[in-house]
Every structure is written in C-alpha cells, then in structure tokens.
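Counting from 1, the numbers follow the sequence of the chain as shown.
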Amino acid sequence: LELLEDHICQTGISYMVRHASTIVTDSEKFVEQLLSLYTINTDFIKAAFDADSRFLTARDKAFRKIVNDTTVFSLDLPSAARKPGVAHRSPPESRCPELLANYCDLLLRKTPLSRKLTSDEIDQKLRDVILVLRYVQNGDVFMRFHQVHLVRRLIMDSSADNEKEEDMVQWLRHGGMPAEYLNKLSRMFQDIKISEDINSSFKEHLRRKDLTNLAAMANIKILNHGAWSRNSDRVTVSLPIELEDFVPEAEEFYGLAHSGRKLTWHHNLSSGIITMTTNMGKFDLEVTTFQMAVLCSWNQRPHEAISVADLHLATELGEVDLRKTLWSLSHMPKMKRQLLLMEPVATNPRDITNETMFRINHDFALVRNGVVQKRGKVTYIGKLQLAAEKVRQEVGEGIIALRVLRLQEAIVKILKMRKIMTLTLLQTELVQILRNMFVPTKRMIKEQIEWLIEQGYMRRNDSAIDTFMYVA
C-alpha cells in the first residue's frame, strides 16, 4: 500500500516539476494531467486488485498530497495586518485551487476551448473539477478565485451558457464547498436577473422623456454590494459629454422606485462600444469607460497631439490608471495598426511620462491576411478592468480575513457546547469542522484563542493552563 501511494505521489509531483513553467500559464494542461493520473491509477487498481478499498484509500492519500503540494509552486497569501483577531503570517499554500478556478473560467467563458467542446463535454469536465476539489485542503481559495472570474463573466456578459453557470453552483454545493460562498453566488445571479427587468423599465422611462438615443445605449447593472464583494476603491473619471446625462437620469429613475437606497457607480467595471471613422473606414471599438474617456478627448481636436499631462486633466484619471489605459490603446497585441501613436516610443507603461505625446492614428484599420478591412469590430477590453494588481491582493486579504472570522466562530461554538476543553481536543475538533474550507494551523488557532480570551469570550482553567472554559 505504501509503495503504491509513493509511486502515485512521485509520478504526479515529478510531472509538475518538469512542466512547472507551463502549468502556471496553462491551467488546462495541469487539470488534464491530474485527471489522467487519477483515471490511470483507478483503472489499474480495479484491474489488478479488484477495486480493493485499501488500495483506493492509498490512491486518495497520494492524490491529496499531489494537489496540496507546495514544493513546485505555491500561493503566497498576503500577510494580514497586525491587529487584534488577525493572523500575522500565512504559510505558503498549494496553487492548485487557483488553477482549477482558472480552468473553470476557460470552460464557462466564451473562449476557443468552450466553443470547440459540446455541452455534454463541458459538463463532464466541470464534474471532473469537482472530483479534484474533493482532495483540496483550501477550498475557500478556489471559491474566492471562482467568484472573481464569475464577477467578470457576469459584468461583461461573457458567459458561454448562463444555465451552466447556475448548474456549476449546484455541483459545487453537492461537492461540499462552503455554503457561505455558494449563497453569495446565487445572489449574484438574482441581481443579474433583477437588473434585466430594471433595464427594460429604465429604457421605457427614457423613451417617454424623448431620450431615445440615451435609451438605445443604456444598459445598467444594479448589484448588491454584500454579494459581489467588490472592495476596490472607486476610481474617479470624467465621463464623455455623451454620457453626462446618463448618470443623473439613472439615479432619478432608481430613486423613484427605491427611496432611501444609494447607488455607487463603479466606472472601472463599465464598458461600451464607440464607432470611429478613420481614413481607411469605419470601425466599432469595444472599450472600457477609461479607454472611452481617453479617446473622446480627441473629439474636439482630432488631428492634434495631446500630452499625458493634458489627458490627465481631461479624464481626471489617476497616473497609474491613465498610463495603463494609454498603453492598452497603443500596444494592442496582434494589431498591425495601433489606435494611438506615442512620441517618444516607450517600451513599457512605466516609461510613459507627463511629457509623452499621443495622437490618433488616422490610418488605423483591421488587417486580415494582408488585406486592409474597411469595416470591423475590435475588442480592447480584455481583462483590463478586473485584472488590476489590487484585485489579487484583495482576494488574498479576503481569504485571510474570512478564515479568521470562521475560526473564531468555530472556537466559540465548540466551547459553548462543551463548556470545558483541552487545547489538543479543541484543535482536533476545529480541523474537523473547518476542513471543507481550510485547515487551520496550530499557530493561527493559538492566536485566535489568545484574542478571544482578551475579549472575554473564554478563559483558561486555573488548575490546567492548556484547558479552556467558555465564558457566558
């Protein structure tokens, strides 16, 4: 049994060592290899040992070691702030849950992979992911990254199949994933459905006010802050003149139906389509609101070169966001003719200064197979809006903060029921309760016990220092 377990474990980890650089960028290959390893060894045990439960248990132990291994690549969660009730440091964890979430995103989003697979094939691959998740210790990491991807798909309408999105939530529920995360996902779907009804009513409201043009381009999503967990600071941006009337109209309409509620606009998550006419033809550009604000700065002076300093005044964007936006419009991969031209040419966004000049490329066009197209559509959105550095940091901080709360809650719950308990038994029971989300370290448990003692929720037994008592 030990030989079989070691063989499976060494085979899986040695593969990850050989393909470490590819795995990080290609989650599909990583998941396919994990599933292949699982299937081969399961078939071998069935054929050679008549599916003996002892050998299947050895397979499970080996597989659990592989998916939770941190020797090849790991996920470093950010250190939490040094404040009461929050852990100081987090040991490295397996990056497997993040890669599984990325793989699910490839299957559920409109991608080349999801387009070439049938609906049944996608269902099977998603169920395979649930199978792997059974062996993952930090399921909360998967759920957090899965939620981030789902936010992007729902906001940008990039889901390949909305029904499959909801099916995935049910499969995760049956797979034992934390209910708290799953309930948030369900509320997100409800928000999207409610927003569709609000949009229809809003468009009709605009038509009654003879604002037909505004009604044609209006598409708002009213999202509940608690369910969507978007903690990023709102970014200030000066909207184009064409959109100036949109915000107050939407607020007035929503205020009439829902008095007392306040709308907070996240323009960094918004996008739209603008039509641009160049010397070569007319093109539809799918852009973020930041990109739209930058491009509209040339509406009144289409042939002038504008400095970054002037664009900052015109758009009110921060320095980092403005540089990233300008870079995305002047260095679009695979575009032979870029939309913006800069002078002097920079090699990365950090080289762009306030004196760098940008101008519209009036010879901009789509080139396909060496032929210049006179009409076409170009998408400049990509992952720009939701792939900011802050998002990844927020994911890590959110995971740590929620773990601390869940650990405190579990400690109090156990002691309230047991009244008195030793540290060893308390640690064992905490692992049993929290293992579907994460496995708390001994240090983390001790830190939270000390904090709960300071807050008066529990105390040490006077006659035994490693025994704790509940305080009513």
Any heavy-atom pair between the side chains of Gln124 and Asp120 that's under 4.5 Å?
no
Does the pair Phe145 and Val141 meet the rule for a side chain to side chain contact (heavy atoms under 4.5 Å, CB included), with working shown?
CA-CA 6 Å; Phe145 279 102; Val141 174; 3.7 Å; yes
Taking every non-hydrogen atom, the tightest pair across Ser330 and Met342
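For Ser330 versus Met342, the nearest heavy atoms are OG-CE, 3.5 Å.
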Search all heavy atoms of Asp351 against all heavy atoms of Thr356 and return the closest pair with its distance.
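What the structure gives for the nearest pair is O-OG1, 4.4 Å.
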Would you call the rings of [X] and [Y] parallel, tilted or perpendicular if under 30° counts as parallel and over 60° as perpendicular?
{"X": "Phe364", "Y": "Phe283", "answer": "perpendicular"}
{"X": "Phe202", "Y": "Phe253", "answer": "tilted"}
{"X": "Tyr135", "Y": "Phe63", "answer": "perpendicular"}

Please confirm whether the backbone N or O of [Y] pairs with a side-chain atom of [X], one donor and one acceptor, at under 3.5 Å?
{"X": "Arg337", "Y": "Asp363", "result": "yes"}
{"X": "Ser307", "Y": "Asp310", "result": "yes"}
{"X": "Ser195", "Y": "Asp191", "result": "yes"}
{"X": "Gln373", "Y": "Val371", "result": "yes"}
{"X": "Gln291", "Y": "Tyr380", "result": "yes"}

Could you walk me through whether Ser158 and Arg152 satisfy the side chain to side chain donor-acceptor pair (under 3.5 Å) test, starting with their C-alpha distance in whole Å, then the side-chain angles of each, then the deciding distance to 0.1 Å, before giving a yes or no?
CA-CA 8 Å; Ser158 60; Arg152 179 163 59 91; 5.4 Å; no
Let's go through Val31 and Asn102 carefully: what are the C-alpha distance in whole Å and the side-chain angles of both, what is the deciding distance for side chain to side chain contact (heavy atoms under 4.5 Å, CB included) to 0.1 Å, and is it a yes or a no?
CA-CA 10 Å; Val31 178; Asn102 294 344; over 6 Å; no
Can the positive tip of Arg359 be found less than 6.0 Å from the middle of the six-membered ring of Trp298, inside 45° of the ring normal?
no
Atom CD1 of Ile360 and atom OG1 of Thr278: how far apart are they, to the nearest 0.5 Å?
10.0 Å
Can Met177 and His146 be said to form a side chain to side chain contact (heavy atoms under 4.5 Å, CB included), step by step?
CA-CA 12 Å; Met177 288 295 102; His146 181 68; over 6 Å; no
